[in-house]
Amino acid sequence: MSGGEMDYPKYLSVDELLSLQRPQSSPEHPDELLFIVVHQASELWFKLILHELETLSRAMASRDAMKAVFTMRRINGVMRIVSEQLAALETLPPQRFAQFRGFLGASSGSQSVQFRAIEAACGLRDEHFLAVLREHGPLPALVESWIARPTLQQLYLDCVADAGVTLEELYTGPGPSPLVLLAEDFLEFEQQFARWRFLHVQLVQRVIGPMTSGTGGTMGAKYLERTVKQQFFPALWAVRAKLYG
């Protein structure tokens, strides 16, 4: 197809895209489309985040700190969108969600392979994390591929070591170097991620209650509350506490 034959619907596969929202409730519940669209949109943003994490990893591996900074700023912008779109689900009253929740079957957000891959890329590798994933079967190939690679924190610490400085020296140096800017962008990402987790917990509590099991038999809000405190970049938090705490 030449450029002259391309138009907006073809380029974006709009017809195919709009055919992918398939409510399962019968008769169709008017709020189920909202539920599907928000989650599908999240998966699209997760796809972009993983794409950018690939770029970020390559930039740090080649010690291109400024490219890594620009990439992280894009990722942070996307994370803000992912958090803000939860506001749409806050318009779903619990009694209305209950009317179609049963049609979701064993579906659960904890089964999002892309979200789990993002967590793995950012450093979650502990046994508890892996055990939660294995509750749904063998580890997905995408998650395993990120687990086999260095974490973002390790890539960053390698960049710092190759620059011939320590974290403490970065923060006490004469000016904000690209590596300092990158560290700040990492911490912003962690805060944005924690904000998403916190808003998600509140949303779950609002829609199904704080003690109810999640969709698909997960632990619901009780489990989600524990994830808010997870850290991707403990070394970056530790150096701030050491120098300025």
Side-chain angles (χ1 to χ4, degrees), residues 17 20-24 32-54 56-57 75-90 92 97 100-149 151-152 189-190 192-208 212-230 232:
L17 179 65
L20 298 177
Q21 295 73 52
R22 302 171 187 141
Q24 299 298 304
E32 192 177 357
L33 181 61
L34 165 70
F35 191 82
I36 292 172
V37 167
V38 170
H39 286 82
Q40 285 187 342
S42 294
E43 289 294 335
L44 287 174
W45 290 122
F46 294 159
K47 180 177 182 176
L48 179 57
I49 289 174
L50 286 169
H51 173 78
E52 297 299 331
L53 286 176
E54 287 280 2
L56 174 68
S57 297
I75 291 172
N76 286 337
V78 174
M79 273 307 304
R80 284 191 287 273
I81 295 172
V82 174
S83 294
E84 292 300 328
Q85 70 181 14
L86 290 179
L89 286 179
E90 291 174 356
L92 179 60
F97 178 53
F100 69 86
R101 184 185 180 193
F103 291 94
L104 275 61
S107 303
S108 167
S110 64
Q111 298 164 353
S112 171
V113 173
Q114 293 193 117
F115 182 77
R116 294 307 194 182
I118 293 169
E119 290 182 309
C122 293
L124 293 191
R125 313 285 174 87
D126 60 272
E127 281 305 315
H128 177 71
F129 171 74
L130 297 176
V132 170
L133 267 63
R134 291 189 178 110
E135 289 179 359
H136 303 292
L139 291 181
L142 181 62
V143 176
E144 284 193 321
S145 70
W146 280 102
I147 289 176
R149 299 162 64 169
T151 66
L152 296 185
F189 174 75
E190 185 153 307
Q192 290 290 342
F193 209 92
R195 179 172 180 268
W196 180 89
R197 289 191 190 277
F198 177 73
L199 292 174
H200 190 209
V201 169
Q202 288 196 317
L203 176 64
V204 170
Q205 291 176 334
R206 181 172 177 171
V207 175
I208 67 173
T212 309
S213 295
T215 305
T218 58
M219 293 179 65
K222 289 175 61 180
Y223 166 74
L224 295 173
E225 282 179 341
R226 294 204 298 266
T227 68
V228 174
K229 297 181 179 180
Q230 290 174 336
F232 296 145

**Study point:** Residues that F193 engages under ring pair (Phe, Tyr, Trp, His ring centres under 6.0 Å), provided they are two or more places apart
**Key:**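 Per chain and number, F193 pairs via ring pair (Phe, Tyr, Trp, His ring centres under 6.0 Å) with F115, F189, F232.
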Closest heavy-atom pair and its distance - [X], [Y]:
| X | Y | value |
| --- | --- | --- |
| L53 | A121 | CD1-CB, 4.0 Å |
| G123 | T151 | CA-CG2, 3.6 Å |
| A106 | Q111 | O-NE2, 2.8 Å |

Nearest 0.5 angstrom please: [X] [atom1] to [Y] [atom2], how far?
| X | Y | atom1 | atom2 | result |
| --- | --- | --- | --- | --- |
| K47 | I118 | NZ | CD1 | 13.0 Å |
| Q202 | E90 | CD | CD | 8.0 Å |
| C122 | I75 | SG | CD1 | 8.0 Å |
| H200 | L89 | NE2 | CG | 8.5 Å |
| F97 | E32 | CZ | CD | 9.5 Å |

Distance-only criterion, 3.5 Å: show the donor-acceptor pairs between side-chain atoms of residues 39-46 and protein atoms not counting sequence neighbours.
from	atom 1	to	atom 2	distance (Å)
H39	ND1	F35	O	2.7
Q40	OE1	Q21	NE2	2.5
Q40	NE2	L20	O	2.9
S42	OG	V38	O	3.0
S42	OG	Q85	NE2	2.5
E43	OE1	Q114	NE2	2.8
E43	OE2	S112	OG	2.7

Practice item. Kindly write out the residues that satisfy side-chain contact (heavy atoms from CB on, under 4.5 Å) with E144, not counting sequence neighbours, or none if the list is empty. Key: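 Expected list: L139.
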Practice item. Would you confirm whether S145, through its side chain, and L142, through its main-chain N or O, come within 3.5 Å as a donor-acceptor pair? Key: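 Answer holds: yes.
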**Study point:** Verdict with supporting geometry, L152 and L56, side chain to side chain contact (heavy atoms under 4.5 Å, CB included)
**Key:** CA-CA 9 Å; L152 296 185; L56 174 68; 4.0 Å; yes
Point to revise | Verdict with supporting geometry, L130 and R125, side chain to side chain contact (heavy atoms under 4.5 Å, CB included) | key: CA-CA 7 Å; L130 297 176; R125 313 285 174 87; 5.8 Å; no
How about [X] and [Y]: do any of their side-chain heavy atoms sit closer than 4.5 Å?
| X | Y | result |
| --- | --- | --- |
| R149 | W146 | yes |
| V143 | L133 | yes |
| H128 | V132 | yes |

Check your understanding: S110 and R116: side chain to side chain contact (heavy atoms under 4.5 Å, CB included), yes or no, with the steps?
Key -> CA-CA 8 Å; S110 64; R116 294 307 194 182; 3.6 Å; yes
Check your understanding: Between R197 and E190, is there a side-chain N and carboxylate O pair less than 4.0 Å apart?
Key ->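 Not counted as a salt bridge, because no side-chain N and carboxylate O are separated by less than 4.0 Å.
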